[in-house]
Amino acid sequence: MGQTGIQHMVIFNLKHEAGSEAAETFLRDGERQLASIPAVKQFSVFRQVSPKNDYDYGFSMVFDNQADYETYNAHPLHVDFVENRWVPEVSRFLEIDFEPYGQQA
């Protein structure tokens, strides 16, 4: 990412049991669909390992700028994933968007 860009992260729990085939399918499908959106860079899927946090999973990605982030949010693949997978399968989440310290918005 260098000195510019937006780091978009979402940590979440699924309605599926952690480690189940349904959970694994959700993570694989999320990565496949969301990482294919052209504005998305450095897409990663994470599993929580800290006992200090009770979220199970995370998605992380980078956008070069606010326009790319907005393009992602409106992209048909993102909208489809949110409507058809995220809403029915995610039980709770926290979304975090960071830019490097000192970068003007």
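Judged purely by atom type and a 3.5 angstrom limit, D80 has no side-chain atom pairing as donor or acceptor with the backbone of P76. Side-chain atoms of K41 do not come within 3.5 Å of backbone N or O of M61 as any donor-acceptor pair.
Residues Q7 and P100 form no side-chain contact, since every pair of their non-hydrogen atoms from C-beta on lies 4.5 Å or further apart. For the pair Y57/V10, no side-chain contact is recorded, criterion being any heavy-atom separation below 4.5 Å from C-beta on. Side-chain contact between N73 and H78: present, with at least one pair of heavy atoms (C-beta onward) separated by less than 4.5 Å. Contact of the I11 side chain with the F93 side chain is not registered, since no non-hydrogen atoms from C-beta on lie closer than 4.5 Å. At least one side-chain heavy atom of S36 sits under 4.5 Å from a side-chain heavy atom of L77. Using a 4.5 Å heavy-atom cutoff, the side chains of V62 and I6 are not in contact. The shortest side-chain heavy-atom distance between F98 and H8 does not fall under the 4.5 Å cut-off.
In this structure, the separation between OG on S91 and NE2 on H16 is 9.5 Å, given to the nearest 0.5 Å. A distance of 10.0 Å separates CZ in F43 from CD in Q33, rounded to the nearest 0.5 Å. With rounding to the nearest 0.5 Å, the separation of CZ in R32 from CG in L27 is 12.5 Å. Distance check: W86 CH2 to L34 CG gives 8.5 Å after rounding to the nearest 0.5 Å. Interatomic distance, CZ of F12 versus CG of L94, reported as 12.0 Å (0.5 Å rounding).
Counting only N and O atoms by type, the side chains of S60 and Q42 include no donor and acceptor under 3.5 Å apart. T25 and E21 are linked by a side-chain donor-acceptor pair at a separation below 3.5 angstrom, with hydrogens and angles left out of the test. Side-chain N/O atoms of D54 and Q48 include no donor and acceptor closer than 3.5 Å. Checked by atom type, the side-chain pair Y69/D97 shows a donor-acceptor distance below 3.5 Å.
Closest non-hydrogen pair, D68 versus A39, comes out as O-CB, 3.6 Å. Looking at every heavy atom in both residues, P38 comes nearest to H75 through CD-NE2, 4.1 Å. Summarising the geometry of Y72 relative to V40, their closest heavy-atom pair is CD1-CG2, 3.5 Å, with the distance given to 0.1 Å.
Salt bridge annotation for R92-D56: absent, with no cationic side-chain nitrogen under 4.0 angstrom from a carboxylate oxygen.
Aromatic ring pairs are classed by plane angle as parallel below 30°, tilted from 30° to 60° and perpendicular above 60°; the pair F26 and F59 is parallel.
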Verdict with supporting geometry, E31 and R85, salt bridge (Lys or Arg N to Asp or Glu O under 4.0 Å):
CA-CA 12 Å; E31 180 174 24; R85 299 301 299 275; over 6 Å; no
